[in-house]
Undergrad: 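Below is the structure I would like to discuss, written out as structure tokens.
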Amino acid sequence: MTAPHGAPRVVLDRRTRVLRRGGVVRVLGGDPVTLVTPSPAVAPLLDGEAVSTETPAGAALGRALTDRGMAHPDVSGPDARVLEAVAVVIPVHDDAAGVAAVVDALGSELARGLRVVVVDDGSTVPLAAPSLPTQPPPTQPPPTQPPPAQSPPAGAIRVVRHEHSRGPAAARNTGTAAALSGGAEVVVYLDADVIPRPGWLGPLLGHLDDPRVAAVAPRIVAADPGRLWVRGYETARSALDMGPEPARVRPRTRVAYVPSAALAVRPDRLPPVPDGAGQGPFDEQLRVAEDVDLCWRADRAGAVIRYEPAALVAHRHRTTVAPLLGRRAFYGTGAAPLAHRHGAAVAPAVAAPWSLAVALGFWSGTPGGLLVAAGATARAWHRTRALTGHDRAAAELVIRGSVASIRQLPEALLRPYWPLTAVALIATARSHSPLVRGLRRRVAVAAVAEGLWHWWSAREPGRWPVDEPLGHVVLHRLDDVAYGVGVWRSAWAARSVGALRPELTR
């Protein structure tokens with residue numbers, strides 16, 4: 001095992017805990033949460049918030065921690081490498097202005113040798129190659145280095161056209177083939193509605209220096225941030241924004257996938273598409289969720305995908321309700337095709353019997369239900385303590401699982417299963433039974449409470465949320481309804497309930 005190349009240290013995740021008891025050091029954290037016991041020889045390396053990977057022992061420990069999501073490679077620092085082996089692929093349909101804006105933002109990278117492939121996916125008016133940006137030289141170049149090129153070389157931008165629209169997956173595959181034929185080793189996909197911010201590329205390439213990493217994504221933030229209504233909601237909780245903290249990307253984790261709107265890959269490290277469904281990394285049969293499919297196929301093949309929020313790309317978010325909800329419903333239609341390809345990884349709810357008992361008992365709001373939840377929690381703690389031999393580690397594991405299950409129940413009832421919830425509420429609307437009234441009241445409380453939880457958890461660590469809570473809760477509920485509509489539409493089209501089937505684990 002070797003440390004990530006170009007990362008002299010790994011930084012412990014904010015949620016990772018180093019536990020010491022009786023001379024034994026254990027590490028609690030990761031995603032999913034696990035407990036590991038490093039050997040006594042490397043335990044002293046865990047005395048700080050970071051682990052140096054410049055020794056064989058440190059490299060082995062750093063790899064073990066990053067593989068589990070307990071730590072993340074530190075790829076910060078300037079990066080002035082030549083970019084002749086890097087190509088940006090921009091798939092586009094009828095957005096020449098967006099392409100021009102992206103190319104203009106890539107001026108400094110183009111001057112260092114970056115190439116751009118624009119794939120015109122059947123635009124009504126064929127796209128021409130955008131003008132090359134000019135980079136002015138620094139006022140006082142360093143005496144030990146030659147001044148950078150003032151403008152990109154001729155031929156740095158190439159346009160490839162599909163006469164008819166074949167979809168984003170096919171466009172990216174076409175761009176990948178063109179980039180590789182031009183000598184690229186790294187391909188960066190950027191949609192025409194994103195603008196990379198200064199310093200965005202260095203951290204991505206730093207991750208790809210690790211021979212196990214096949215892809216890495218930057219954080220996608222709002223190009224025009226706001227605080228109120230749709231603009232505020234999208235600033236806080238865009239479907240493209242995976243949050244402020246780094247992660248290893250894996251199914252059923254905090255960052256289960258990363259969007260291909262901005263994604264850097266090493267195509268030679270990605271698995272081929274099965275059944276000849278695409279001559280490139282993406283499955284061309286998918287018009288939506290092709291990026292999720294790519295992430296999960298790569299993970300299943302043993303490749304590593306990382307999310308690096310230190311690299312920032314700005315996106316033109318939607319600013320009115322109808323386009324926002326329309327897009328969310330469109331994303332939901334990817335559920336059934338993903339279920340067909342990846343099975344239970346798409347399950348809208350995953351629970352163990354003890355955690356389901358905790359959630360049902362908590363949301364019942366009754367003394368008996370709360371007693372059941374407390375009993376299930378105590379039993380889970382006792383069993384976990386027997387496995388870990390550590391009281392605090394067992395408590396943290398059970399608390400995290402309990403909190404997740406308490407939140408997941410209303411999420412499931414109000415997002416993928418909201419039509420069933422709505423039918424149940426309508427069918428009992430005229431009932432005067434205290435039990436039924438209590439259930440309706442609990443659904444209403446859960447809808448508000450989960451919405452406020454969603455608003456609060458969207459904040460940057462240590463800061464207040466960027467938007468106001470009332471609009472956030474309303475839009476979150478509408479967001480869930482729209483996404484659920486898409487899921488049910490996809491299930492109906494596929495004549496399959498695979499995308500709606502929950503999973504009960506042990």
Side-chain angles (χ1 to χ4, degrees), residues 1-13 16 27 29-32 34 36 38 42 45 50-77 79 81 85-87 176 180 184-189 201-219 242 245-260 262-274 280-282 291-311 342 345:
M1 298 191 331
T2 60
H5 292 266
R9 65 174 194 161
V10 298
V11 179
L12 296 182
D13 186 85
T16 299
V27 184
D31 200 356
T34 54
V36 299
V42 300
L45 298 175
V51 175
S52 172
T53 59
E54 295 181 337
T55 65
L61 178 60
R63 178 67 79 187
L65 295 174
T66 56
D67 281 350
R68 291 170 173 81
M70 295 176 167
H72 312 288
D74 182 3
V75 293
S76 59
D79 188 311
R81 71 181 79 191
V86 182
T176 302
L180 295 178
E185 297 177 0
V186 174
V187 175
V188 184
Y189 305 108
L201 186 56
L204 306 184
L205 298 181
H207 279 292
L208 291 174
D209 286 340
D210 180 349
R212 291 182 58 201
V213 174
V216 57
R219 184 180 185 186
M242 300 293 110
E245 299 180 79
R248 178 175 179 182
V249 180
R250 308 198 76 174
R252 293 186 179 175
T253 63
R254 177 172 55 88
V255 181
Y257 72 95
V258 284
S260 53
L263 181 67
V265 306
R266 281 290 304 255
D268 58 320
R269 300 174 187 169
L270 291 170
V273 179
F282 293 94
D291 39 18
V292 183
D293 172 70
L294 173 66
C295 291
W296 291 358
R297 281 190 291 107
D299 179 75
R300 190 166 59 235
V304 174
I305 300 178
R306 295 205 178 276
Y307 170 63
E308 182 48 74
H342 301 282

Undergrad: Could you tell me whether a side-chain N or O of Thr53 sits under 3.5 Å from a main-chain N or O of Pro8, the two making a donor and an acceptor?
TA: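 Yes.
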Undergrad: Report yes or no: does Trp296 contribute a side-chain atom to a donor-acceptor pair with the main-chain N or O of Tyr257 at less than 3.5 Å?
TA: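 No, because the side chain of Trp296 does not come within donor-acceptor range (under 3.5 Å) of the backbone of Tyr257.
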Undergrad: Distance check, rounded to the nearest 0.5 Å: Arg9 atom CZ versus His72 atom NE2?
TA: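 Answer for the CZ-NE2 pair, Arg9 versus His72, is 13.0 Å.
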Undergrad: Please identify which of these residues, Leu204, Val188, Leu201, meets the side chain to side chain contact (heavy atoms under 4.5 Å, CB included) condition with Pro218.
TA: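 Of the listed options, the one satisfying the test is Leu204.
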Undergrad: Between atom CD of Glu185 and atom CG of Leu208, what is the distance when rounded to the nearest 0.5 Å?
TA: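 It is 11.0 Å, given to the nearest 0.5 Å.
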Undergrad: With salt bridge (charged side-chain N to carboxylate O under 4.0 Å, His left out) as the criterion, how do Asp209 and Arg266 come out once you've worked through the C-alpha distance, each side chain's angles and the decisive distance to 0.1 Å?
TA: CA-CA 10 Å; Asp209 286 340; Arg266 281 290 304 255; over 6 Å; no
Undergrad: Just wondering, do Pro274 and Arg297 contact through their side chains at under 4.5 Å, heavy atoms?
TA: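 Side-chain contact under 4.5 Å: yes.
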Undergrad: Where do Val27 and Pro38 come nearest, in terms of heavy atoms and distance?
TA: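 Heavy-atom minimum between the residues: CG2-CG, 3.9 Å.
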Undergrad: Could you tell me whether the side chain of Leu205 reaches within less than 4.5 Å of the side chain of Val186, counting heavy atoms only?
TA: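 They are in side-chain contact.
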Undergrad: List the steps, then state whether side-chain contact (heavy atoms from CB on, under 4.5 Å) holds for Arg248 with Thr253.
TA: CA-CA 9 Å; Arg248 178 175 179 182; Thr253 63; over 6 Å; no
Undergrad: So, Arg63 side chain and Gly58 main chain: donor-acceptor pair closer than 3.5 Å or not?
TA: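 Checking the backbone N and O of Gly58 against the side chain of Arg63, no donor-acceptor pair under 3.5 Å is found.
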Undergrad: Report the distance from atom CG of Leu294 to atom CG of Leu263, rounding to the nearest 0.5 Å.
TA: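 Leu294 CG to Leu263 CG: 6.5 Å, rounded to 0.5 Å.
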Undergrad: Given 3.5 Å as the limit, does a donor-acceptor pair link the side chain of Asp291 with the main chain of Pro259, or not?
TA: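 Looks like no, no N/O pair under 3.5 Å.
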Undergrad: Is there a salt bridge (charged side-chain N to carboxylate O under 4.0 Å, His left out) between Arg68 and Asp13? Walk through the geometry before answering.
TA: CA-CA 11 Å; Arg68 291 170 173 81; Asp13 186 85; over 6 Å; no
Undergrad: With side chains defined as the heavy atoms from C-beta onward, is the minimum distance between Arg212 and Arg269 less than 4.5 Å?
TA: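 Result no, sub-4.5 Å side-chain heavy-atom pair not found.
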Undergrad: Which distance, rounded to the nearest 0.5 Å, do you find between the OG1 of Thr66 and the CG of Asp210?
TA: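 Output value for this atom pair is 7.5 Å.
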Undergrad: So which heavy atom on Val249 is nearest to which on Arg306, and how close?
TA: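 In terms of heavy atoms, the two residues are closest at CG2-C, 3.9 Å.
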Undergrad: Return the minimal non-hydrogen interatomic distance between Pro203 and Glu308, and the atom names on each side.
TA: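 Distance-wise, the nearest heavy atoms are CB-CG, 3.9 Å.
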Undergrad: From Phe282 CZ over to Asp293 CG, what is the distance, rounded to the nearest 0.5 angstrom?
TA: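 Separation between the atoms: 9.5 Å.
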Undergrad: Distance check, rounded to the nearest 0.5 Å: Met70 atom CE versus Leu12 atom CG?
TA: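 Here the rounded value is 10.0 Å.
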Undergrad: For the residue pair Val187 and Pro267, what are the closest heavy atoms and their distance?
TA: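 Closest pair (atom of Val187, atom of Pro267, distance): CG2-CG, 3.8 Å.
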Undergrad: Tell me if the OH atom of Tyr307 is crowded by more than 12 foreign heavy atoms within 6.0 Å.
TA: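 Buried by this count: over 12 neighbours within 6.0 Å.
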Undergrad: Is any side-chain heavy atom of Cys295 less than 4.5 Å from a side-chain heavy atom of Val258?
TA: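 Of all side-chain heavy-atom pairs linking Val258 with Cys295, at least one is under 4.5 Å.
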Undergrad: State, yes or no, whether a side-chain contact exists between Pro251 and Asp299 at a heavy-atom distance under 4.5 Å.
TA: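 In short, these two side chains touch, coming nearer than 4.5 Å.
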Undergrad: With no hydrogens and no angle check, is any side-chain donor or acceptor of Asp268 less than 3.5 Å from a backbone partner on Leu270?
TA: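 No.
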Undergrad: For the residue pair Arg300 and Pro271, establish whether any side-chain heavy-atom pair is separated by less than 4.5 Å.
TA: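 Counting from C-beta outward, Arg300 and Pro271 never come under 4.5 Å.
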Undergrad: Do Val265 and Ile305 have side chains that get closer than 4.5 Å, going by heavy atoms?
TA: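 A side-chain contact is absent here, since even the closest heavy-atom pair is not under 4.5 Å.
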Undergrad: What pair of heavy atoms forms the shortest contact from His207 to Val75, and how long is it?
TA: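 Of all heavy-atom pairs spanning His207 and Val75, the closest is NE2-CG2, 3.6 Å.
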